Amino acid sequence: MTPAPKPAILAAFEAAKGFMPTTEGLALYAAALEAGRLGLPILEVGTYCGRSTILLADAARQAGVTALTVDHHRGSEEQQPGWDYHDPETVDPELGVMDTLPTFRRTLRGAGLEDHVVALVGRSPQIARIWNSPLGLVFIDGGHTDEHAGADYEGWAPHVAHGGLLLIHDVFPNPADEFTGQAPYRVYLRALASGAFTEVSVTDSLRVLRRTGAGI
């Protein structure tokens with residue numbers, strides 16, 4: 001039986017701003033619970049307003065590990081004004097630019113999970129360059145350009161411990177989804193072709209891979 005979060009946690013997830021559907025959220029939660037057994041931190045790239053962070057944090061709490069989440073909180077390409085995924089409520093009225101950090105903090109506090117998450121505020125490649133500890137899980141859910149998705153993979157996949165999990169979100173094989181999912185799809189193909197990762201499961205656009213070899 002697939003483990004599920006308690007109703008209050010699931011309700012907080014579903015109420016939070018974000019784009020991950022519940023089916024994928026439940027798969028994310030199950031993967032995080034499994035990875036937590038390694039006793040290592042679990043890390044998310046692409047916080048946005050904390051929707052998926054809720055599930056990672058609750059799984060980390062149960063496993064006795066820490067969840068980390070990386071984001072500059074200025075929004076990815078498709079979340080900027082004029083794009084379909086833009087939310088005017090995330091714009092700082094004084095600066096006129098996106099700032100999802102306050103919403104993220106309110107989301108975590110409302111779910112009672114502040115003490116189980118470390119927010120790393122900055123650009124993913126910059127943080128990855130100074131990171132030097134193994135991770136039980138890396139969840140790539142950041143920018144959807146080849147530049148950004150590729151940099152997230154190159155920066156964080158090397159830190160996935162042997163037996164740990166690499167999760168990639170928004171994997172869409174259909175070329176019609178060039179903007180929203182082809183870059184993550186190419187990262188997914190690259191991970192499989194590397195020989196370092198083996199596919200564990202597919203849930204809609206979420207891919208779960210396990211490190212079974214060296215390299216990336």
Side-chain angles (χ1 to χ4, degrees), residues 1-76 78-79 85-87 89-90 98-122 124 127 135-144 152 156 160 164-171 184 200-201 203-208:
M1 182 177 178
T2 303
K6 291 180 179 179
I9 294 296
L10 185 59
F13 163 79
E14 292 179 333
K17 281 185 183 292
F19 310 103
M20 175 172 272
T22 300
T23 52
E24 294 177 351
L26 292 175
L28 172 69
Y29 184 76
L33 280 178
E34 178 188 337
R37 298 190 191 110
L38 294 176
L40 298 169
I42 59 178
L43 181 140
E44 167 186 53
V45 182
T47 313
Y48 190 51
C49 296
R51 183 177 172 95
S52 54
T53 318
I54 289 173
L55 299 179
L56 293 174
D58 187 63
R61 172 171 61 181
Q62 293 194 50
V65 301
T66 298
L68 305 113
T69 184
V70 178
D71 203 310
H72 49 66
H73 288 279
R74 296 301 188 199
S76 56
E78 68 275 11
Q79 293 162 359
Y85 292 100
H86 178 64
D87 183 346
E89 292 183 358
T90 64
M98 283 185 64
D99 185 2
T100 56
L101 183 57
T103 304
F104 161 70
R105 298 200 68 179
R106 287 193 297 270
T107 297
L108 278 192
R109 185 170 182 83
L113 293 167
E114 279 187 306
D115 292 341
H116 303 280
V117 178
V118 173
L120 302 172
V121 181
S124 170
I127 298 172
L135 298 164
L137 177 148
V138 167
F139 174 41
I140 296 178
D141 191 22
H144 289 159
D152 289 340
W156 293 107
V160 177
L165 299 178
L166 172 69
L167 280 66
I168 305 170
H169 193 218
D170 294 326
V171 174
V200 174
S201 68
T203 303
D204 299 330
S205 76
L206 180 68
R207 302 295 188 271
V208 179

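Just so you know, these numbers come straight off a predicted model, no measurement behind them. Values below: all heavy atoms of this structure, side chains included; hydrogens, waters and symmetry mates excluded.
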Residue pair V45 / S124: nearest heavy atoms and the distance that separates them: CG1-OG, 3.7 Å
Measuring only between side-chain heavy atoms, which start at C-beta, is L26 closer than 4.5 Å to L10? yes
When you measure from the side chain of R51 to the backbone of M20, do you find a donor-acceptor pair of N or O atoms at a distance under 3.5 Å? yes
CG/L55 to CZ/F139 distance, rounded to the nearest 0.5 angstrom? 9.5 Å
Which value, rounded to the nearest 0.5 Å, describes the distance between R106 atom CZ and T100 atom OG1? 10.5 Å
So R61 and I9, side-chain contact (heavy atoms from CB on, under 4.5 Å) or not? Walk me through it. CA-CA 12 Å; R61 172 171 61 181; I9 294 296; 3.8 Å; yes
Determine the minimum heavy-atom distance between A27 and T203, stating which atoms define it. CB-OG1, 3.5 Å
The residue among E34, E24, Q62 that forms side-chain contact (heavy atoms from CB on, under 4.5 Å) with Y29 is Q62
When rounded to the nearest 0.5 angstrom, what is the spacing between CG in L108 and CG in D115? 10.0 Å
Exercise: identify the closest heavy-atom pair between A32 and L56: CB-CD2, 3.7 Å
I140 side chain near V138 side chain, heavy-atom distance below 4.5 Å: yes
Indicate yes or no: at least one non-hydrogen side-chain atom of L206 is less than 4.5 angstrom from one of T23. no
So do the side chains of T53 and V117 get within less than 4.5 Å of each other, counting heavy atoms only? yes
Nearest heavy atoms of G36 and V65, plus distance in Å: O-CG1, 3.9 Å
Start with the C-alpha distance between L165 and V160, add both sets of side-chain angles, then the distance that settles side-chain contact (heavy atoms from CB on, under 4.5 Å), and finish with yes or no. CA-CA 7 Å; L165 299 178; V160 177; 5.9 Å; no
Hey, which of D141, D152, I168 is the one that makes side-chain contact (heavy atoms from CB on, under 4.5 Å) with P184? I168
Close side-chain approach of T69 to F104, heavy-atom, < 4.5 Å: yes
Are the side chains of F13 and P5 in contact, using a 4.5 Å heavy-atom criterion? no
Note, D99 side chain near R74 side chain (heavy atom, < 4.5 Å): yes
Would the number of heavy atoms belonging to other residues, nucleotides or ligands and lying under 6.0 Å from CZ of R105 be above 12? no
Does L167 form a side-chain contact (heavy atoms from CB on, under 4.5 Å) with L28? I'd like the steps, not just the answer. CA-CA 8 Å; L167 280 66; L28 172 69; 3.5 Å; yes
Side-chain contact test, heavy atoms from C-beta onward, threshold under 4.5 Å: evaluate it for D170 versus F19 and give yes or no. no
Quick one: closest heavy-atom pair of A16 and T107, and the distance? CB-CG2, 3.9 Å
Hey, could you give me the CG/OG1 distance between L43 and T66, rounded to the nearest 0.5 Å? 11.0 Å
Closest approach of A57 to A67 (non-hydrogen atoms, all atoms of both residues): CA-CB, 4.0 Å
